Amino acid sequence: MSKRRNNRKESNDTHNVSRQKNNTAKESKKNLKSGSSFDHLKGSSRHILLCIITVIVAVIAFKFHNSFIGHLDNVDISKRNTTSANNGGWRVADEATLNLYNSDLCTVERVKAESLTVNEFERIYRYKKPLIVQFKNGADDWIESAKWTLNSLKEEYGGEVVHSGNARDIVRHGGNGYVETSFTEYVDKLMSDKDQIGEPYYVFDRLFYNGSYLTETLRPPNYFEIKDGVDDSIFFLGSSGSGVSFHKHADAWNGVVFGRKRWFLYPVEQTPPGGVYPGYTMREWIEHIYPTLTAVNRPIECIQEPGEILYLPESTYHGTVNLGDTIALGIQKKEAVTTVEKLFYDEHKLAQSMRGVSQQTLASIQQKKLQIMKEISGLIPNNAEVHMKLGDLYKDIGELDKAVEHLNAAIKIDPLFLVAIMNLAGIKTKMHDFVKAEELYRHALVMNPKLWDVYAQYGDFLMMTNRAQEAVAIYRKGTELEPNTLAFWSNLRQAQDIAGDHAGARSTQKVIDKLNRKLDKHN
């Protein structure tokens with residue numbers, strides 16, 4: 001209704017302008033008829049004066065015309081750089097984004113949808129290797145793309161809730177966004193914002209799509225058939241530079257409706273260099289890790305273009321980054337099928353069952369987890385993540401020497417595995433090898449100065465070794481990265497008190513009180 005009102009107003013405004021122009025023209029004709037200002041000029045004098053005036057007006061008009069057309073050209077260029085009619089009203093990647101993330105390299109096989117049969121897909125690709133499927137008419141061959149445009153989604157679902165987050169913490173939250181906003185609020189504000197470490201917010205939502213009529217717009221090819229109770233769905237939306245850090249799961253496919261998505265893939269036998277979460281966001285990985293890779297540890301990679309579907313075999317490690325506003329749908333199996341991933345899923349379910357149980361039950365679960373991870377290690381012995389998990393499990397049951405053995409194995413396989421380095425520092429602290437522990441913490445700070453986990457653990461280490469003044473500086477940096485995390489502020493206040501900075505502790509307490517009031521109001 002408001003759109004129609006605005007159109008009507010614009011029409012009236014145009015009509016008024018036309019009427020004013022007509023009135024001005026009539027007045028001009030009337031003045032020329034009377035000719036009062038030229039009555040005293042006769043013959044050639046009048047002719048010369050008219051020529052001079054005509055030249056002056058022509059020069060002014062020419063300059064104005066060039067200036068105006070130049071302005072229009074700038075506006076048009078700006079629009080071409082930010083939006084596209086063929087992109088559903090979403091912004092396309094600007095030059096800076098293309099310089100950072102664009103690539104012509106593609107090591108993922110592409111096939112045309114019409115030439116791929118179900119039998120061929122099952123025999124050649126299912127659980128074996130990634131694949132990009134191209135469609136003759138783009139996204140319109142498998143989805144009603146008109147329902148996924150910016151205007152259509154805002155009009156239909158503007159008030160609906162979506163969940164977003166940064167690349168690293170989405171994985172930390174189990175593959176879920178953790179910042180709740182309305183769809184319109186996200187698109188109009190949060191989509192262009194960045195968090196404390198400069199990361200864009202990315203909608204990674206498992207509820208939005210299933211709660212909408214968008215489910216009725218999907219008609220994938222038979223080899224991507226969706227089954228109730230078997231498949232889960234994820235709605236993705238993010239601006240340039242958004243994405244998700246390395247992780248893996250059961251069999252899946254991802255269809256890009258609008259935008260472009262760059263993929264980095266590793267087989268399950270090879271943990272991505274730099275390790276899994278929470279070491280690096282995808283932007284950090286591309287900036288710091290990717291340029292150092294040799295031919296041996298480079299990923300399988302490709303940019304998925306609008307309208308294409310990427311098939312992701314079960315257990316494939318993957319991380320993504322978006323080029324331009326990118327809106328996509330992911331369909332993922334709820335349960336694993338292959339031997340290795342089924343074991344990973346079993347271990348994860350056991351981990352979730354550990355909360356609130358007795359010590360006896362906890363010890364039993366830990367032993368079951370340990371047996372599963374040993375079995376996985378036998379199947380994929382050079383997987384650094386598996387060694388890291390074994391190290392953590394041995395630490396939990398008090399076998400610190402074995403914990404060190406496996407964490408060192410993880411770091412030997414991947415010297416850039418930041419989380420393994422931090423975990424080894426924690427075990428060295430337990431073993432009272434403080435010199436080695438501090439060396440590892442300092443190394444982790446250099447590897448990624450934007451990872452708040454390092455500041456939390458290193459701050460605790462400094463407090464344990466009676467260095468409260470140094471802990472103050474480390475905790476303070478943690479509050480800059482995570483300003484809404486109460487634990488950082490509480491630890492900072494404690495360190496300030498012990499260090500004798502009572503004024504600083506009182507100031508920190510005010511922040512804590514403010515955060516508590518905010519939490520109480522939210523709850």
Side-chain angles (χ1 to χ4, degrees), residues 79-94 97-98 101-118 120-121 125 129-157 187 191 202-203 208-209 212-226 231 233-240 242-243 252-263 265 300-312 318 320-332:
K79 285 183 178 179
R80 284 197 296 272
N81 286 340
T82 56
T83 61
S84 167
N86 296 328
N87 208 46
W90 302 104
R91 296 168 298 181
V92 298
D94 58 19
T97 299
L98 295 176
Y101 306 123
N102 200 34
S103 172
D104 294 326
L105 178 64
C106 182
T107 52
V108 178
E109 186 178 350
R110 272 189 166 97
V111 301
K112 296 188 181 301
E114 62 269 22
S115 67
L116 182 64
T117 67
V118 173
E120 286 174 330
F121 176 76
Y125 302 102
K129 59 180 179 177
L131 168 72
I132 290 177
V133 181
Q134 294 178 309
F135 295 83
K136 186 176 180 180
N137 299 302
D140 288 332
D141 279 352
W142 55 271
I143 203 165
E144 292 179 50
S145 62
K147 300 287 180 68
W148 292 69
T149 64
L150 173 61
N151 287 339
S152 178
L153 289 174
K154 284 183 72 173
E155 183 177 344
E156 189 71 29
Y157 306 107
V187 169
M191 194 172 183
Y202 185 35
V203 172
F208 174 80
Y209 171 78
S212 73
Y213 291 110
L214 293 173
T215 54
E216 299 174 6
T217 69
L218 187 62
R219 45 179 188 277
N222 291 338
Y223 37 84
F224 293 141
E225 181 186 6
I226 301 169
D231 295 297
S233 64
I234 310 171
F235 175 80
F236 305 106
L237 174 60
S239 60
S240 287
S242 63
W253 59 264
N254 184 295
V256 168
V257 186
F258 296 110
R260 302 170 73 218
K261 188 187 295 284
R262 188 173 177 184
W263 291 81
L265 313 174
I300 301 166
E301 63 174 282
C302 196
I303 291 181
Q304 181 184 10
E305 301 293 344
E308 294 183 333
I309 292 179
L310 181 138
Y311 167 65
L312 193 68
H318 56 284
T320 63
V321 64
N322 294 317
L323 289 82
D325 293 349
T326 301
I327 186 165
L329 175 68
I331 301 296
Q332 177 183 320

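Remember, it's a predicted structure, so these values are computed and weren't measured experimentally.
- Here the closest non-hydrogen pair linking G255 and I309 is CA-CG1, 3.9 Å.
- Within the 4.5 Å cutoff, the side chain of V133 has no heavy atoms near those of the E308 side chain.
- The shortest non-hydrogen separation linking V256 to W142 is O-CZ2, 3.6 Å.
- Looking at Y101 and I303, their side chains never come closer than 4.5 Å, going by heavy atoms from C-beta outward.
- Taking CD1 of I226 as the start and CG of D231 as the end, the distance is 6.5 Å to the nearest 0.5 Å.
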**Request:** Determine, stepwise, if the pair L310 / L131 fulfils side-chain contact (heavy atoms from CB on, under 4.5 Å).
**Result:** CA-CA 6 Å; L310 181 138; L131 168 72; over 6 Å; no

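- The side-chain heavy atoms of L329 and I234, taken from C-beta on, include no pair separated by under 4.5 Å.
- For the 3.5 Å distance criterion, the side chains of D325 and S239 fail to qualify, holding no donor opposite an acceptor.
- With values rounded to the nearest 0.5 angstrom, D141 atom CG is found 7.5 Å from R219 atom CZ.
- Remark: the R260 side chain and the N102 side chain contain an N/O donor-acceptor pair separated by less than 3.5 Å.
- Looking only at side-chain heavy atoms (C-beta outward), L214 and L153 come within less than 4.5 Å of each other.
- Residues K136 and K112 have side chains not in contact (no heavy-atom distance under 4.5 Å, counting atoms from C-beta outward).
- Taking every heavy atom of both residues into account, S240 and G324 meet most closely at OG-N, 2.7 Å.
- The shortest distance between side-chain heavy atoms of L312 and L265 falls below 4.5 Å.
- Applying side chain to side chain donor-acceptor pair (under 3.5 Å) to K261 and the options T326, N322, T320 leaves one that passes, N322.
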**Request:** Could you check V187 against K154 for side-chain contact (heavy atoms from CB on, under 4.5 Å), going step by step and ending with a plain yes or no?
**Result:** CA-CA 8 Å; V187 169; K154 284 183 72 173; 4.2 Å; yes

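- Here the CD atom belonging to Q332 is positioned 10.0 Å from the OG atom belonging to S233, to the nearest 0.5 angstrom.
- The environment of CG in N137 is crowded: more than 12 heavy-atom neighbours from other residues, nucleotides or ligands sit within 6.0 Å.
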**Request:** Report the C-alpha separation of Y311 and W253 in whole Å, then their side-chain angles, then the decisive distance to 0.1 Å, and conclude whether the ring pair (Phe, Tyr, Trp, His ring centres under 6.0 Å) test is met.
**Result:** CA-CA 4 Å; Y311 167 65; W253 59 264; 9.8 Å; no

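- Taking the six-membered ring where tryptophan is involved, the planes of F235 and F208 are tilted, since the angle between them lies from 30° to 60°.
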**Request:** For the pair I327 and F236, evaluate side-chain contact (heavy atoms from CB on, under 4.5 Å) and give the outcome as yes or no after the intermediate values.
**Result:** CA-CA 6 Å; I327 186 165; F236 305 106; over 6 Å; no

**Request:** Could you please spell out the steps behind the salt bridge (charged side-chain N to carboxylate O under 4.0 Å, His left out) verdict for K147 and E156?
**Result:** CA-CA 9 Å; K147 300 287 180 68; E156 189 71 29; over 6 Å; no

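- Considering CZ of F258 and CG of L237, their distance stands at 12.0 Å, rounded to 0.5 Å.
- The shortest distance between side-chain heavy atoms of E301 and V108 does not fall below 4.5 Å.
- Remark: E114 pairs with no residue by the salt bridge (Lys or Arg N to Asp or Glu O under 4.0 Å) rule, at least two apart or across chains.
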**Item:** ring pair (Phe, Tyr, Trp, His ring centres under 6.0 Å) assessment of Y157 paired with Y213
**Value:** CA-CA 10 Å; Y157 306 107; Y213 291 110; 7.4 Å; no

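- The two atoms that bring N87 and G259 nearest to each other are OD1-N, 3.4 Å, heavy atoms only.
- Separating the OG1 atom in T117 from the CG atom in N222 is a distance of 10.5 Å, to the nearest 0.5 Å.
- The structure places CG of L150 at 9.0 Å from CZ of R91, a figure rounded to the nearest 0.5 Å.
- Without hydrogens or angle criteria, D94 side chain to T97 main chain gives a donor-acceptor distance under 3.5 Å.
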**Request:** Report the C-alpha distance between Y125 and Y223 in whole Å, list the side-chain angles of each, state the deciding distance to 0.1 Å, and finish with yes or no for ring pair (Phe, Tyr, Trp, His ring centres under 6.0 Å).
**Result:** CA-CA 11 Å; Y125 302 102; Y223 37 84; 9.2 Å; no

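- The closest side-chain donor-acceptor pair between W263 and Q304 falls under 3.5 angstrom.
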**Request:** Tell me, with the steps shown, if Y202 and M191 meet side-chain contact (heavy atoms from CB on, under 4.5 Å).
**Result:** CA-CA 7 Å; Y202 185 35; M191 194 172 183; over 6 Å; no

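- At least one side-chain heavy atom of C302 sits less than 4.5 Å from a side-chain heavy atom of R110.
- Side-chain atoms of T149 never come within 3.5 Å of backbone atoms of G88 as a donor-acceptor pair (strictly under, hydrogens ignored).
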